[in-house]
Amino acid sequence: MNLSKRRGLLPVLALALSSYAFAAGDYPNRTVRVVVPYPAGGIADKVAREVAEQLQQRLRQPVVVENRSGAAGNIGFEHVARQPADGYTLLLAPASNLTVQPVLFKHLSYDLERDFTPVSLLVQTPQVLLVHPSLPVDSVQSLVDYSKKNPGKVNYGVSVGAYSHLAGELLRSRTGADFTAIPYQGSAPAINDLLAGQTQFIFNEVITAIPHIQAGKLKPLAVAYSTRAPWLPKVPTTAEAGFPDFEVTSWYGIVARSGTPAPVVDRLARELRAIVQSPDFRKRYDDIGAFTVGSSPEEFGRFIQSETRKWTAVVKQAEIQPN
């Protein structure tokens with residue numbers, strides 16, 4: 001390249017760099033949206049709204065939550081994938097959407113690696129194995145044994161592709177248990193049928209299971225976590241129940257469009273980490289059965305990759321197909 005051409009490119013490059021710096025340094029100067037790919041009222045929505053309330057105070061700009069539900073969360077993901085990469089449209093992303101959706105749905109209009117960048121992991125809640133009190137079992141192993149002695153009679157409710165579903169398939173594949181997955185449109189109807197005795201067990205988030213356990217309507221056999229859950233101190237972990245390396249946590253994080261300026265992503269990650277690690281926010285989730293995290297974008301990215309490897313293998317082995 002000759003000198004005159006180099007000189008011609010310098011103003012263009014300088015303008016691009018100055019625009020980038022201005023966009024990052026001036027962020028935010030208008031409303032920030034947090035898209036939730038599921039209906040209002042669920043855990044994803046709860047996390048998004050409580051985080052948005054605090055983020056608004058820290059950014060000193062309006063932060064609004066927008067529910068765009070449907071197609072197992074894919075509608076919300078598709079919407080955000082079409083937005084500008086400027087940090088003004090964020091996505092509250094549940095675990096399964098960031099890990100196994102590409103395996104479950106073959107013709108997605110978005111690509112997780114191409115279209116999204118991790119910002120921060122916010123909240124984790126362990127899965128607990130629950131059975132109906134009428135079922136004559138008192139441990140994970142006795143549930144497995146009962147299913148083998150009563151083939152075709154042990155059913156568990158699932159939201160297809162959710163971690164609660166994958167947990168049951170992982171247990172079945174490791175033990176040879178005779179479990180049948182019964183699909184539901186979400187965890188609420190699955191829990192309702194278990195309470196009515198229509199199904200025999202379920203894996204469910206501790207955060208929603210505690211009220212049913214405390215009321216004596218469902219019996220916990222094990223928590224799929226590395227340590228005992230402080231909310232259920234008498235319930236053994238899956239490792240203590242004889243199933244090591246069986247850890248299942250539902251989790252929720254924030255992602256942005258790929259190409260969002262790194263300083264904007266880093267600013268958001270710092271603010272989100274400060275929010276979820278604050279004593280008040282942490283206690284709020286401690287009280288209902290969840291752990292707050294708050295990670296860097298790099299940490300969240302590595303976590304997503306690890307979870308993706310683990311659970312896509314389960315999906316493929318079990319040949320799970322969406323409804």
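Below, all heavy atoms of this structure are taken into account, side chains as well, without hydrogens, waters or symmetry copies. Every value quoted in this text rests on a predicted model; they were computed, and no experiment measured them.
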Lys/Arg N to Asp/Glu carboxylate O, [X] vs [Y], below 4.0 Å:
X      : Y      : answer
Arg30  : Asp86  : yes
Arg267 : Glu271 : yes
Glu78  : Arg68  : no
Asp145 : Lys149 : no

Would you check if there is a donor-acceptor pair between the side chains of [Y] and [X] at a distance under 3.5 Å?
X      : Y      : value
Thr249 : Gln124 : yes
Arg33  : Thr89  : yes
Asn29  : Tyr88  : yes
Ser250 : Gln127 : yes

What are the two closest non-hydrogen atoms of [X] and [Y], and how far apart are they?
X      : Y      : value
Ala85  : Ser258 : CB-O, 3.3 Å
Asp111 : Glu113 : OD1-N, 3.1 Å
Ser173 : Gln317 : CB-NE2, 3.7 Å

Ignoring hydrogens and geometry, is there a side-chain-to-backbone donor-acceptor pair from Thr238 to Phe246 under 3.5 Å?
-> yes
Polar side-chain atom of Asp45 near backbone of Pro39 as donor-acceptor pair, under 3.5 Å = no
Would you confirm whether the ring centroid of Tyr184 sits within less than 6.0 angstrom of the ring centroid of Tyr156?
-> no
Taking the six-membered ring where the residue is Trp, are the ring centres of Trp231 and Phe291 under 6.0 Å apart?
-> yes
Joint cluster assignment, Ile288 & Leu130, ILVMFWY side-chain distance < 4.5 Å | no
Under a 4.5 Å side-chain heavy-atom rule over Ile, Leu, Val, Met, Phe, Trp and Tyr, are Val315 and Leu108 clustered together?
-> yes
Who pairs with Thr99 by side-chain hydrogen bond (donor to acceptor under 3.5 Å, both in side chains), at least two apart in sequence or on another chain?
-> Tyr163
Selection residues 288-315 - residue pairs positive for salt bridge (charged side-chain N to carboxylate O under 4.0 Å, His left out), sequence neighbours left out | none
Kindly write out the residues that satisfy side chain to side chain contact (heavy atoms under 4.5 Å, CB included) with Val235, not counting sequence neighbours, or none if the list is empty.
-> Pro220, Val223, Leu232
cation_pi(Lys46, Tyr285) dist<6.0 Å, angle<=45 = yes
